[in-house]
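Note that the structure is a prediction, hence the values are computed from the model and not measured. Heavy atoms only: backbone and side chains are in, while hydrogens, waters and symmetry mates are out.
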Amino acid sequence: MQKSMTSTLPSLQSRITLIIIAGALVLSAAMGTRQTFGLFINPFSYDRGVPVTLVAFAIALHNLVWGFAQPFAGAMADRHGPAPVVAFGALAFAAGLAMAALAPSGVWLVIGLGLLVGLGISCTTFGVVLPAVSRAVAPEKRSIAMGLVSAGGSLGQVALVPVAQGLRQAYGVSTSLFVLAAILCCAAPLGLLMTLPHGKVATQSGATGTSTASAANTDGEHVSLRDALHQARTHRGFQLLSLGFFTCGFQLAFIATHLPGYLLMCHMPIGLGATALALIGLFNMAGSWACGWMGGRYRQHHVLGWLYLIRGAAIALFFLLPKSDTSVVIFAAVMGLTWLGTVPLTSGLVAKVFGTQHLGTLFGLCFMSHQVGSFLGAWLGGYVLDVTGSYNLIWAATAILGAVAAALHFPINDDRVVPPVRQPMPINTRVPTA
């Protein structure tokens, strides 16, 4: 029996590795494509006559749709597995990009880049991919595994931003968007590779350091979805985590959407915005892995608090100091190191407190706050620019929110919640009469 168990380990570990690679590729396609949207604001505005506010609203809307759709996408993946959810999301994402490429007016741009892209990205990013990885690996390896997937997902940002920029300059907006849509179609089947065989999961033996196969990873007793939602809703740490995640969405969406235009307003070189976004993706690979590594060794909410402090300080310094090619590169590097490291830490903290059985749903609810922040960051950037003629107010708000988020994370209680005790059904003791 020992020999049989040992022989299954290489195939099980290979399957887990395949899940991590497939998850990273899906994230690369989805997040890399999303990171290019800031490159299309000026072309849509100047070449097609669409107001900047409307383009920013379309990009902001996809964040809002993504946030409200994420709990449902996570719940579907919890119930049916990631394969059908990823396939649907990738095709919806691609359809939205194609509609934006052909959009004859701002209304169709909003439907494509806002509604369809929002639905698609909710099914192809963290709320679906990270729970699949969490269930496949041992609890003590969970944080580093999610960090690896998030880091691998940054490959798309590094590769697709310069590709989209080059295609846009050489062939126009439509061709660039159609190529991105084709890449997403190629990612649609990868969800089939993101599930272990039924009833298998890797666990770690503390005594021997060897892996074994055991029952499905539910981290303890079975908890109904209704009970899990009640536990999250009444848990102060979950509330603070969700509020802090709002800041992450606000900061990232504002910078990803408006940094290229802001640099042009500062009389920086035309291609520097695309270079900065690509550098953010490059350094995010190291940052996501490092945050996952630290989350496995230190208390995750403490790491999150320091991450938000560093990010807020970097934003404040970049805004206040003179702009140069060097300062832009340094800012992009620091932002990349703190960019998406919040995601494996936040997802890992939710899994630590509530378990993995309903992780997709619970992380989706937390992520909804993130996307409300993303909507406001992207839309308010365009609105403030139109009203005041500058980004000054929004830069200041973005920096201040970093300190607020840090203050929210440090007091979080990360103890595992106690599953509710169900009273046994009373036994009918009535003696039947003759």
So the ring pair (Phe, Tyr, Trp, His ring centres under 6.0 Å) pairs with at least one residue in residues 103-136 (sequence neighbours excluded) are none
Of all heavy-atom pairs linking Arg34 and Ser374, the shortest is NH2-OG, 4.3 Å
Item to check | Phe254/Trp395 aromatic ring centres below 6.0 Å | outcome: yes
Asp78 side-chain N/O to Thr361 backbone N/O, donor-acceptor pair under 3.5 Å
yes
Between Gln165 and Arg168, is the side-chain hydrogen bond (donor to acceptor under 3.5 Å, both in side chains) condition met? List the steps. CA-CA 5 Å; Gln165 173 80 340; Arg168 182 182 68 80; 3.2 Å; yes
Any heavy-atom pair between the side chains of Phe250 and Leu380 that's under 4.5 Å? yes
Interatomic distance, NE2@His235 vs CG@Leu240, rounded to 0.5 Å, equals 9.5 Å
Tightest non-hydrogen contact, residues Val26 and Met194, listed as CG2-SD, 4.2 Å
Would you confirm whether Ser369, through its side chain, and Leu365, through its main-chain N or O, come within 3.5 Å as a donor-acceptor pair?
no
Minimal heavy-atom distance between Ala332 and Leu279, with the atoms involved, is CB-CB, 3.9 Å
**Request:** Would you check if the side chain of Gln371 reaches a backbone N or O of Asn63 as a donor-acceptor pair within less than 3.5 Å?
**Result:** yes
Original post:
Hey, what's the ring geometry for His62 with Phe37, parallel, tilted or perpendicular (30° and 60° as the breaks)?
Top reply: perpendicular
Flag, side chain of Asn284 to backbone of Leu337, donor-acceptor distance under 3.5 Å: no
Leu277 and Pro260 have their tightest heavy-atom pair at CD1-CG, 3.9 Å
Here the pair of heavy atoms bringing Pro269 nearest to Leu264 is O-CD2, 4.4 Å
Main-chain N/O of Trp339 paired with Arg311 side-chain donor or acceptor, under 3.5 Å: yes
Side-chain donor-acceptor pairs under 3.5 Å in residues 174-189, sequence neighbours left out?
residue	atom	partner	partner atom	Å
Ser174	OG	Arg48	NH2	3.0
Ser174	OG	Ala101	O	2.9
Ser176	OG	Ala164	O	3.2

Practice task
List the steps, then state whether side chain to side chain contact (heavy atoms under 4.5 Å, CB included) holds for Gln231 with Leu362.
Solution key: CA-CA 10 Å; Gln231 288 175 337; Leu362 297 183; over 6 Å; no
Short side-chain to backbone donor-acceptor contact, His258 and Ala378, under 3.5 Å | yes
- So do the side chains of Ser242 and His370 get within less than 4.5 Å of each other, counting heavy atoms only? no
Can you tell if the side chain of Ile21 reaches within under 4.5 Å of the side chain of Thr17, non-hydrogen atoms only? yes
Mutual orientation of the aromatic rings belonging to His302 and Phe410 [parallel < 30°, tilted 30-60°, perpendicular > 60°]
tilted
Donor-acceptor check, side chain of Thr257 to backbone of Ala253, threshold 3.5 angstrom: yes or no? yes
| query | Are Phe367 and Phe245 side-chain neighbours, meaning at least one heavy-atom pair lies under 4.5 Å? | reply | yes
For Ser288 and Met285, indicate whether the former's side chain and the latter's backbone hold a donor-acceptor pair under 3.5 Å. no
To the nearest 0.5 Å, atom CG of Leu340 lies from atom CG of Leu252 at 6.0 Å
Between the CD1 atom in Ile315 and the CG atom in Leu320, the distance rounded to the nearest 0.5 Å is 11.5 Å
Within 6.0 angstrom of Phe319 CZ, more than 12 heavy atoms from elsewhere: yes
dist His301:NE2 -> Ile412:CD1 (nearest 0.5 Å) comes out at 6.5 Å
Exercise. Under the 6.0 Å and 45° cation-pi test, does Lys323 pair with Phe331?
Worked result: no
* Is any side-chain heavy atom of Cys366 closer than 4.5 Å to a side-chain heavy atom of Thr346? -> yes
One should read off an interatomic distance between Phe57 CZ and Leu64 CG, to the nearest 0.5 angstrom, of 8.5 Å
request  = Compare all side-chain heavy atoms of Cys123 with those of Val86 and state whether any distance is below 4.5 angstrom.
outcome  = no
Is there side-chain contact between Trp66 and Thr125, with at least one heavy-atom pair below 4.5 Å? yes
Could you check whether any side-chain heavy atom of His80 comes within less than 4.5 Å of a side-chain heavy atom of Val85, counting everything from C-beta outward? no
Distance-only check: which donor-acceptor pairs under 3.5 Å involve side-chain atoms of residues 292-299, not counting sequence neighbours?
residue	atom	partner	partner atom	Å
Arg297	NH1	Trp293	O	3.3
Arg299	NE	Asp414	OD2	3.4
Arg299	NH2	Asp414	OD1	2.8

Answer with yes or no after comparing the ring centroid distance for Phe238 and Phe354 against a 6.0 Å cut-off, counting only values under it.
yes
Stepwise, does the side chain to side chain contact (heavy atoms under 4.5 Å, CB included) test hold for Val353 with Leu241?
CA-CA 12 Å; Val353 175; Leu241 191 65; over 6 Å; no
Smallest heavy-atom separation, Val350 atom then Phe363 atom, equals CG1-N, 4.4 Å
**Asked** Run the side-chain hydrogen bond (donor to acceptor under 3.5 Å, both in side chains) check on His409 and Tyr308 step by step: do they pass?
**Response** CA-CA 9 Å; His409 280 82; Tyr308 281 116; 4.5 Å; no
Any sub-3.5 Å donor-acceptor pair from Gln70's side-chain atoms to Ser122's backbone N or O? yes
One should read off an interatomic distance between Leu193 CG and Leu18 CG, to the nearest 0.5 angstrom, of 5.0 Å
Between Arg236 and Asn413, does the side chain to side chain contact (heavy atoms under 4.5 Å, CB included) criterion hold? Intermediate values first, please. CA-CA 8 Å; Arg236 184 170 180 267; Asn413 180 5; over 6 Å; no
I would like to know whether Tyr391 and Met265 meet side chain to side chain contact (heavy atoms under 4.5 Å, CB included); could you show each step before the answer? CA-CA 10 Å; Tyr391 287 109; Met265 291 179 61; 3.6 Å; yes
